[in-house]
> 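Supplied in structure tokens, the structure appears directly below.
Just so we're on the same page: letters track the sequence lines, and every chain starts at 1. It should be emphasised that the depicted structure is a prediction, and the values quoted were computed from it without experimental measurement.
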2 protein chains.
Amino acid sequence: MLRSHGLRVTPQRLAVAALILPKPMHVTARMVYQTLRETHPAISMNTIYLTLGQFESSGLLQRFEINGTTVFDSNTAAHDHACCSRCKAIIDLSPQQQESPQQPHALARWHIDREQRIWSGLCPNCAKQ
Amino acid sequence: MLRSHGLRVTPQRLAVAALILPKPMHVTARMVYQTLRETHPAISMNTIYLTLGQFESSGLLQRFEINGTTVFDSNTAAHDHACCSRCKAIIDLSPQQQESPQQPHALARWHIDREQRIWSGLCPNCAKQ
DNA sequence: CTTTGTTAGGAATATTTACTATTTAGGAAA
DNA sequence: TTTCCTAAATAGTAAATATTCCTAACAAAG
């Protein structure tokens, strides 16, 4: 899969891919770094950032910003997110039925390639307290 | 207005308010800092961050993140944003007609207090090139 | 005048990018 | 297959940027 996207196959890339690509999940660069440190003690943040950036460019990951950091999402299908303002949990939301048919008029002459939506509030757990 | 929101009236706060509240606009903490430095040479980033944060808590500003930084928006009405991925221009989008009536089912037990949408792509100018 | 909130400034923290010498993947040649 | 070559990738360090923390001095408002 890496080769089909024009990326050389290295142990570091395989480790990153094995960690986050198999199932939909949300990770930050730091989370990837700290996890891979256990199996790859010498891996560097630089490599993590480069790898995640390349994966995004290749369409293997989606990226968005929330709570001051960049989050990478291995669910590359079009979908929205909800984030708890207290516990910071992030969940995927399947696209609505009549999703994004109407692009606003003001964007007629834009070349839009992405629409992202984030719902913020308290998750059920945090709302109880 | 500051007093009605429980904030003491200081020259710094007046300067920030006079700069960004009169008309809808998007600013970063750094932009405010650099502009106010001309008239208030001793003002500090700390004060800018505190003031913008208080204005947001008071409902005088809205906040969102894009391109790695926090942007404060003096248009506090519900609306979406579009951002050019090349020149980084940000524009406001008036809410759609049949806007946000349907909150996703998965959020039934959440207490949602905000929904934000960001469209990304090339603005007309940048698309030409 | 007094109290309490605010400010400036510097330090601390965190995220992300830049730079560079070393190493390595992968294809070409033997 | 094995060897060699080159461009790309990596680790490590430093730097740029954004944001928060801390504290002493200060000022708003009663």
> Could you work out, with salt bridge (charged side-chain N to carboxylate O under 4.0 Å, His left out) as the rule, every residue matching B/Arg8, not counting sequence neighbours?
none
> Of the non-hydrogen atoms in B/Gln103 and B/Leu107, which two are nearest, and what is the gap between them?
NE2-O, 3.5 Å
> List the atom of B/Val16, the atom of B/Ile48, and the distance in Å for their closest heavy-atom pair.
CG2-CD1, 4.4 Å
> Hey, does the side chain of A/Arg13 come within less than 4.0 Å of C/dA25's phosphate (OP1/OP2), counting only N and O?
no
> Between B/Asp73 and B/His79, is there a side-chain donor-acceptor contact under 3.5 Å, judged purely by atom types and distance?
yes
> When you check the phosphate oxygens OP1 and OP2 of C/dT16, does a side-chain N or O of A/Thr70 lie under 4.0 Å from one of them?
yes
> Side-chain N or O of A/Thr69 less than 4.0 angstrom from OP1 or OP2 on C/dA14?
no
> Between D/dA18 and B/Arg30, is there an OP1 or OP2 to side-chain N/O distance shorter than 4.0 Å?
yes
> May I ask you to evaluate whether A/Thr47 reaches the phosphate of D/dA11, defined as a side-chain N or O under 4.0 Å from OP1 or OP2?
yes
> Could you tell me how far apart A/Glu56 (CD) and C/dT17 (P) are, to the nearest whole angstrom?
11 Å
> What is the distance from CE of B/Met31 to P of D/dT17, rounded to the nearest Å?
16 Å
> In whole Å, what is the span from the CD1 atom of A/Ile48 to the C1' atom of C/dT17?
15 Å
> Starting at OH of B/Tyr33 and ending at C1' of D/dT19, how long is that distance when rounded to a whole Å?
14 Å
> Distance check: side-chain N/O of A/Gln12 vs OP1/OP2 of D/dA11, anything under 4.0 Å?
yes
> Determine whether the aromatic ring centres of B/Phe72 and B/His26 lie less than 6.0 Å apart.
no
> Counting only heavy atoms from other residues, nucleotides and ligands, does the tally under 6.0 Å from NE2 of A/His5 exceed 12?
yes
> Dot-bracket for DNA chain D, please. Rules: Watson-Crick or G-U, both distances under 3.5 Å, ( ) within the strand, [ ] when a pair crosses earlier ones, | for another strand, . otherwise.
||||||||||||||||||||||||||||||
> In whole angstroms, how far is the C1' atom of C/dT7 from the CG atom of B/Leu52?
15 Å
> Could you tell me whether A/Arg114 atom CZ has more than 12 heavy atoms of other residues or ligands within 6.0 Å of it?
yes
> Compare every heavy atom of B/Cys126 with every heavy atom of B/Cys84, then report the nearest pair and how far apart it is.
SG-SG, 3.7 Å
> How long is the line joining CG of B/Leu50 and P of C/dG9, in whole Å?
14 Å
> What nucleotide among D/dT19, C/dT7, C/dT16 has an atom nearest to a side-chain atom of B/Thr51?
C/dT7
> For B/Trp119 versus A/Pro104, what's the shortest heavy-atom pair and its separation?
CZ2-CD, 3.4 Å
> Between A/Met31 and A/Ile90, is there a shared hydrophobic cluster once you connect ILVMFWY residues whose side-chain heavy atoms come closer than 4.5 Å?
no
> Could you check which of D/dA18, D/dA29, C/dA25 has an atom nearest any side-chain atom of B/Arg3?
D/dA29
> When you compare the side chain of A/Glu115 with that of B/Ile118, does any pair of heavy atoms fall below 4.5 Å?
no
> Taking DNA chain D as the partner, which of residues 36-46 of chain A come within under 4.0 angstrom of it by heavy atom?
A/Ala42, A/Ile43, A/Ser44, A/Asn46
> Could you work out which one of D/dT10, D/dA29, D/dA18 sits closest to the side chain of B/Arg8?
D/dA29
> Report, one pair per line, the protein and nucleotides 11-13 of chain C atoms (nitrogen or oxygen only) whose separation is under 3.5 Å.
none

> For B/Asn67 and C/dT16, give me the distance from atom CG to atom C1', rounded to whole Å.
14 Å
> Please determine whether the number of non-hydrogen atoms from other residues, nucleotides or ligands lying under 6.0 Å from atom CZ of B/Arg109 exceeds 12.
no
> By nearest nucleotide on DNA chain D, pick out whichever of B/Leu7 and B/Arg63 is the more 5' one.
B/Arg63
> Give each protein N/O atom lying under 3.5 Å from an N/O atom of nucleotides 1-4 of chain D, with the pair distance.
none

> How many Å lie between CG on A/Leu14 and P on D/dT10, as a whole number?
10 Å
> Kindly give the heavy-atom pair with the smallest separation between B/Leu19 and B/Met25, and that separation in Å.
O-SD, 3.4 Å
> Both A/Pro11 and A/Tyr49 contact DNA chain C. Taking the nearest nucleotide for each, which residue is further toward the 5' end?
A/Tyr49
> What is the minimum heavy-atom distance between B/Ser85 and B/Lys88, and which atoms define it?
O-NZ, 2.9 Å
> Report the residues that fulfil salt bridge (charged side-chain N to carboxylate O under 4.0 Å, His left out) with A/Arg63, sequence neighbours left out, ordered by chain and then residue number.
A/Glu56
